[in-house]
Amino acid sequence: MAGDPIPRRRTLNIEMVISLGVLLSSWQVASHFLPEYVLPGFQLIFEEFVKMAREGTLFWDTLLTLYRILRGLVAGFIVGALFGVIMGTVRKTEHYLMPAVNFIMGIPALSWTLIVILWFRGTETRILVLMLAISFPVFAHSVLDAVKGVSKEWMEMTLVFRPTRGQVFRMLILPSIIPHVLTAWKVTVGFAVRVVIVAELVGASTGVGYRMLQQQSLLNMSGVLAWTLVLVVSGLGMQFVISTVESRLLRWRPTLSS
Amino acid sequence: MTKIECRNLRKVFRIRDQSFEAIRDLNFEIASGELVAVVGKTGCGKSTTLNILLGLERPTDGRLAIDGKEPYDDFDFFRGKLSVVFQTDRLLPWRTVLQNATYGLEILRVPQQERTEKARYWLEKVGLTQFENAYPHELSGGMRQRVGIARAFSIGPEVLLCDEAFGHLDEVTARQLRADFLKLIRETKKTSLFITHDIDEALELGQRVLVLGKPARLLMDVQIPPGTTENPAKQAELKSRIIQVIESDGPGKKE
């Protein structure tokens with residue numbers, strides 16, 4: 001109806017509170033009936049957090065894992081964006097490069113984990129190469145699609161002014177591909193968290209993955225769950241950061257309410 | 001003095017082993033400072049002619065030159081010399097109105113302060129001063145096209161081209177915009193080529209109208225006597241002659 005205001009999106013909606021509330025209360029109730037190594041109660045998980053914080057592992061291992069993810073993704077983005085831009089702007093390069101990119105993308109993350117362990121020495125090098133290998137094809141694909149999608153009409157309008165190649169890239173291509181690049185980051189971050197944990201489980205003596213493995217070998221379910229929570233929160237945190245960057249960079253985009 | 005010279009221009013496109021002739025032996029000359037409307041049926045090769053003028057396409061045969069140089073071969077010679085108002089506004093959505101108006105000046109490396117001043121001058125001319133910080137999606141179609149006009153004028157081009165610039169706007173908005181545009185053209189005395197399928201628009205804007213057949217070739221070259229648009233009978237008569245020539249698609253006599 002004409003007089004009705006447009007409903008505003010609430011950041012904390014009642015449905016979400018109910019959904020999570022039911023899940024957590026069932027957990028807490030069930031924990032009274034099940035042994036600690038199957039389903040520990042919240043107080044045990046909380047105690048585990050306090051212990052982790054006191055030992056310093058909560059801060060340092062989380063930071064280290066986040067650093068590994070970020071460093072790997074930045075490297076993957078640089079290489080992938082370079083591939084994408086070259087394939088999108090230099091004729092026929094796509095025919096030569098894309099099969100290789102697709103082949104690399106077809107190798108499962110777990111295989112990469114084993115391969116880098118055999119190929120490289122040193123945890124950091126291994127994890128960096130692993131993150132690079134799994135993320136750059138995704139970035140290459142999304143940047144290529146974005147470059148191909150740059151409007152022909154805008155390109156013609158720009159060419160009438162006789163720009164240099166650098167100006168076309170900086171003033172037209174780059175701003176056009178930003179939305180696609182941010183979407184690729186959102187997708188890849190979630191994937192990267194999972195891969196880095198596996199890598200730390202298999203071949204590291206630091207980081208969240210390694211700490212989880214430690215807790216598992218001690219049969220300490222509360223510890224495993226506490227570190228899992230750290231991962232969930234870290235993943236959500238990174239998504240939040242990207243969304244914030246997105247809303248700043250893409251503030252020119254029309255929204256439904258405008 | 002001849003500004004634009006088109007001699008035996010021909011353009012053939014090849015699409016999957018099929019050739020399609022868009023322009024056949026097109027000949028015309030446009031003098032410096034002249035305002036010429038080009039009219040013809042939809043799909044008669046008007047836009048292809050425009051693309052050749054802009055240096056975005058290469059002619060198959062013949063020659064189309066501005067100041068004796070061909071835009072496709074001497075691409076960089078035309079830096080800062082050409083501007084276009086397209087059918088759709090082609091504004092960049094991530095740039096504000098002011099930033100869209102300075103786009104060409106930025107490419108020409110005009111210093112920031114100077115380009116802002118120039119863009120503001122032209123935004124004022126098209127009546128958009130208050131909207132310089134708005135994004136394109138916040139404007140109406142007519143306002144967006146005004147930004148496109150400001151962007152085209154701001155670089156101070158030698159030749160201004162228009163491709164069905166008001167074709168997608170409603171009649172009232174288009175009429176107002178046409179009048180304002182004509183005023184700016186007359187003030188700046190630019191050599192202008194206005195491509196349209198609307199004969200009334202061509203008669204209203206041009207001092208001279210080139211009528212194209214399909215494929216594009218010159219059917220008729222009419223000088224519009226001053227005051228024609230104020231005389232409905234004269235305008236109607238001219239219009240019916242142009243329609244007749246286009247319908248029969250045979251050459252009319254030169255006026």
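A quick note: this is a predicted structure, and the numbers were derived from the prediction, not measured.
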Per-residue contact mode, A:Ser176 against chain B (heavy atom under 4.5 angstrom): both

Turns out that what part of A:Glu153 lies under 4.5 Å from chain B's heavy atoms comes down to both

For B:Tyr103 versus A:Leu172, what's the shortest heavy-atom pair and its separation? OH-CB, 3.9 Å

Which atom of A:Thr164 lies closest to which atom of B:Arg79, heavy atoms considered: N-NH1, 4.5 Å

Separation of B:Arg90 CZ from A:Met155 CE (nearest 0.5 Å): 12.5 Å

Closest non-hydrogen atom pair, A:Arg251 against B:Tyr135: NE-OH, 4.0 Å

Check this for me: A:Tyr67, atom OH, are more than 12 non-hydrogen atoms of other residues, nucleotides or ligands nearer than 6.0 Å? no

Could you go step by step and tell me if A:Glu156 and B:Leu54 meet the side chain to side chain contact (heavy atoms under 4.5 Å, CB included) rule? CA-CA 9 Å; A:Glu156 285 175 356; B:Leu54 294 174; over 6 Å; no

Does A:Gln239, at its CD atom, have more than 12 non-hydrogen atoms belonging to other residues, nucleotides or ligands within less than 6.0 Å? yes

Would you check if A:Met157 and B:Thr88 make a side-chain contact, meaning some heavy-atom pair closer than 4.5 Å? no

Which heavy atom of A:Gln167 sits nearest a heavy atom of B:Glu106, and at what distance? NE2-O, 3.7 Å

Minimum heavy-atom separation for B:Trp94 to A:Met171, with atom names? CZ2-O, 3.7 Å

Please indicate whether B:Glu187 has more than 12 foreign heavy atoms, meaning atoms of other residues, nucleotides or ligands, lying under 6.0 Å from its CD. yes

Verdict with reasoning, B:Leu82 to A:Arg162, per side chain to side chain contact (heavy atoms under 4.5 Å, CB included): CA-CA 9 Å; B:Leu82 304 176; A:Arg162 305 302 194 253; 4.1 Å; yes

